[in-house]
Amino acid sequence: MTEKDLKVFIDIICHYFEKTTSHAPELKEPVIELNQFRLLDYTGFIKISGNNQGWVYISMPKGMLLDVLNCMGESLSDRSILLDSVGEIVSIITSNAREHFGAQFQISVPVTSAGKENTPISHEMPRFLLPFTWREHQAYVGIALLA
Amino acid sequence: MKLLIVDDSTLIRRAIERFANKFQFDEIRSANNGANALKEFKNFLPDVVTMDITMPEMDGLTCVEAILREKPEVQILVISALADKSTAVEAIKRGASGFLLKPFTEETLITSLEELFEE
């Protein structure tokens, strides 16, 4: 994972929220995370295979997801639509990265979880964490990729 | 005119349905994967289909080919977040009439559907 690769994800995250909600997120300095995951209320995970192996995930508080859905004109707000939405958001962000990584950057259907404990990613796998704020909410995109 | 929306995300299916209401389709139905879409297609015989690519059961590009075998004149708009050019080219090669990149807005979806109707 190079600085250029990280910039690709930062640009995609900004584009996603600007386009779908008309509110730009503010990205903070990426950090390397080991062991304990910083997960929020709802998390969507995408498994990567092909030339790169690993995971990309987005973790968001419930209030942020509800605000995002509201901006999109979605009236549902139950647990099912929140899980579906966090999965779709991470799927779009990761799939958009194929423009940079190429068609061999193969993407799974999303795995989603509610709660701060459940992750399909090994705790030992190091990952870049991209903290960002969108309106008043703090969220994270995590990237655990082996070249 | 009838529309079939195929996407594994409820959020996306509902967004497409809201945005597509501008066109006053006689009926709109939806399916959450390629296999269910093919079953629904055979009963419903829509004029227009919006099709995601990355889905469980049967992927969207395989479903595009299967649907075109049933009704070659159907207009299929592939709507996917897969941003590499080869995916869009492959969709058109398999017979899709158009390709729209996610994330989309109401405006970009309407423009893409209008382009299908112009054809």
Side-chain angles (χ1 to χ4, degrees), chain A residues 8-9 11-22 42 44 46-51 56 65-66 68-112, chain B residues 5-22 30-36 50-63 78-94 99-112:
Chain A
V8 166
F9 278 100
D11 289 347
I12 290 170
I13 293 163
C14 289
H15 173 74
Y16 177 83
F17 284 96
E18 278 178 12
K19 187 152 189 181
T20 59
T21 70
S22 303
Y42 288 89
I46 293 286
K47 189 175 187 181
I48 305 298
S49 57
N51 287 353
V56 176
L65 262 176
L66 289 170
V68 168
L69 293 188
N70 188 44
C71 286
M72 292 177 175
E74 174 55 65
S75 57
L76 294 179
S77 59
D78 57 88
R79 176 187 158 93
S80 172
I81 194 75
L82 295 176
L83 286 168
D84 176 272
S85 302
V86 78
E88 183 61 16
I89 293 169
V90 72
S91 178
I92 290 175
I93 287 170
T94 312
S95 300
N96 280 181
R98 290 222 324 191
E99 187 173 11
H100 170 72
F101 290 101
Q104 280 306 305
F105 190 73
Q106 290 171 8
I107 289 155
S108 72
V109 293
V111 176
T112 57
Chain B
I5 299 166
V6 187
D7 200 296
D8 59 341
S9 165
T10 306
L11 178 72
I12 297 297
R13 290 195 305 273
R14 285 171 54 85
I16 293 172
E17 184 165 355
R18 278 196 307 278
F19 298 162
N21 271 333
K22 183 198 172 203
S30 62
N32 62 358
N33 63 52
N36 288 338
T50 67
M51 180 69 68
D52 187 18
I53 293 180
T54 309
M55 294 183 291
E57 303 279 330
M58 180 194 287
D59 72 87
L61 294 183
T62 304
C63 190
V78 170
I79 303 179
S80 171
L82 297 171
D84 55 303
K85 279 183 190 149
S86 62
T87 299
V89 169
E90 184 64 21
I92 301 301
K93 257 193 211 169
R94 303 251 196 138
F99 184 92
L100 175 63
L101 188 66
K102 292 179 185 174
F104 58 84
T105 61
E106 179 171 6
E107 189 182 11
T108 55
L109 178 69
I110 286 172
T111 301
S112 295

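Sequence lines set the chain letters: A, B, ... in the order given, protein chains first and strands last, and positions in each chain run from 1.
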Exercise. Which region of Ile53(B), side chain (C-beta onward) or backbone (N, CA, C, O), has a non-hydrogen atom less than 4.5 Å from a non-hydrogen atom of chain A, or is it both or neither?
Worked result: neither
Seminar exercise, completed: Shortest non-hydrogen pair, Ala103(A) vs Asp84(B), comes out as CB-OD2, 3.5 Å
For this session: Could you pull out the closest heavy-atom pair between Arg18(B) and Met72(A), with the gap in Å?
Result: NH2-O, 3.1 Å
Problem set entry | Within-4.5 Å side-chain heavy-atom neighbours: Arg14(B) and Ser75(A) | yes
Seminar exercise, completed: Distance col, row Glu88(A):CD vs Asp7(B):CG, nearest 0.5 angstrom, shows 5.5 Å
For this session: Identify which of Leu76(A), Ile107(A), Leu69(A) forms the greatest number of heavy-atom pairs closer than 4.5 Å to chain B.
Result: Leu76(A)
Problem set entry | Interface moiety of Ser85(A) toward chain B, non-hydrogen atoms closer than 4.5 Å | both
Seminar exercise, completed: What one should report as the nearest heavy-atom pair of Leu11(B) and Asp84(A) is N-OD1, 3.0 Å
Problem set entry | Ser86(B), part contacting chain A, at a heavy-atom distance under 4.5 Å | side chain
Problem set entry | chain B contact residues among residues 92-99 of chain A, heavy-atom distance under 4.5 Å | Ile92(A), Ser95(A), Asn96(A), Arg98(A), Glu99(A)
Problem set entry | Side chain, backbone, both or neither of Thr87(B) within contact of chain A (heavy atoms, under 4.5 Å) | side chain
Exercise. Listed by chain and number, what are the side chain to side chain contact (heavy atoms under 4.5 Å, CB included) partners of Thr21(A), not counting sequence neighbours?
Worked result: Phe17(A), His23(A), Val68(A), Cys71(A), Trp134(A)
Problem set entry | Atom pair CD1 (Ile81(A)) and OG1 (Thr10(B)), whose distance is rounded to the nearest 0.5 Å | 5.0 Å
Exercise. If you count the non-hydrogen atoms of other residues, nucleotides and ligands that lie under 6.0 Å from NZ in Lys47(A), is the total more than 12?
Worked result: no
Exercise. What option among Glu106(B), Lys102(B), Lys85(B), Met55(B) has the most heavy-atom pairs under 4.5 Å with chain A?
Worked result: Lys102(B)
